[in-house]
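Take a look at the structure set out below.
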Amino acid sequence: MRFDAHTLVLLVRAPDAPELSEDAAAALQDAHLAYQAGLADRGLLTVAGPLADQTDERLRGICVLATDLATARALYADDPAVKAGRLAVEAMTWLVPAGGATFTGVRLPRSTAEA
């Protein structure tokens, strides 16, 4: 069987995430979403989205990138929410049977107002 390799980033709540006011948290979330949309515009991020109904509340979102693993880690080190210490990154390679996962025409929101 042939496999396609996808770079997968799990965004997790950092164990020592700072407490932010509601306004500061909203501004940081908008900066995070704008950053991700910019990655998508550059063809680096294929799809991303938050998680819901997970048993581990640390898990916040999943991102699939069209880059190698080292590049994905470097890109997400510059994400505003990661830089602020709210999110941490777990990056890995996801092997899927060839053609089993395709994402086309996905548009990412640039802010919570668009989400």
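Just so you know, these numbers use all the heavy atoms, side chains as well, and skip hydrogens, waters and symmetry mates.
Taking CG of Leu51 as the reference point, atom CZ of Arg58 lies at 11.5 Å (rounded to 0.5 Å). Rounded to the nearest 0.5 Å, atoms CD1 (Ile62) and CZ (Arg60) are 12.5 Å apart. Atom-to-atom distance recorded for Leu11:CG and Asp79:CG is 6.5 Å, nearest 0.5 angstrom. Atom CG in Leu45 sits 4.5 Å away from atom OH in Tyr76 (nearest 0.5 Å).
Looking at every heavy atom in both residues, Thr93 comes nearest to Ala5 through CG2-CB, 3.8 Å. Counting all heavy atoms, side chain and backbone alike, Ala91 lies closest to Val9 at CB-CG2, 4.1 Å. Shortest non-hydrogen contact noted between Pro109 and Glu114 is CA-OE1, 3.6 Å. What you find for Gly85 and Ala14 is that their closest heavy atoms are O-CB, 3.2 Å. Listed here is the closest heavy atom pair of Ala84 and Leu28: CB-CD2, 3.8 Å.
In the displayed structure, Gln54 atom CD is contacted under 6.0 Å by more than 12 heavy atoms of other residues, nucleotides or ligands.
Counting heavy atoms from C-beta on, the side chains of Val82 and Val89 come closer than 4.5 Å. Side-chain contact check for His32 versus Leu87: some heavy-atom pair is nearer than 4.5 Å. Looking at heavy atoms from C-beta onward, Leu65 lies in side-chain contact with Leu75 at the 4.5 angstrom threshold.
Salt-bridge formation is not detected for the pair Glu90/Arg13: no Lys NZ or Arg NE/NH1/NH2 atom is positioned less than 4.0 Å from an Asp or Glu carboxylate oxygen.
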message: Let's go through Leu10 and Met92 carefully: what are the C-alpha distance in whole Å and the side-chain angles of both, what is the deciding distance for side-chain contact (heavy atoms from CB on, under 4.5 Å) to 0.1 Å, and is it a yes or a no?
response: CA-CA 8 Å; Leu10 297 178; Met92 62 213 67; 3.8 Å; yes
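Between the side chain of Arg86 and the backbone N or O of Lys83 there is no donor-acceptor pair closer than 3.5 Å. Listed for the Gln29 side chain is no donor-acceptor partner under 3.5 Å among the backbone atoms of Ala25. Using a distance-only test at 3.5 Å, with no hydrogens or angles considered, no donor-acceptor pair links the side chain of Asp4 to the main chain of Val96.
One hydrophobic cluster, built from ILVMFWY side chains closer than 4.5 Å, cannot hold both Leu33 and Leu39; they sit in different ones.
With hydrogens and angles left out, the side-chain atoms of Asp30 and Thr112 include a donor and acceptor closer than 3.5 Å.
The aromatic rings of His6 and Trp94 sit tilted relative to each other, their planes meeting at an angle between 30° and 60°.
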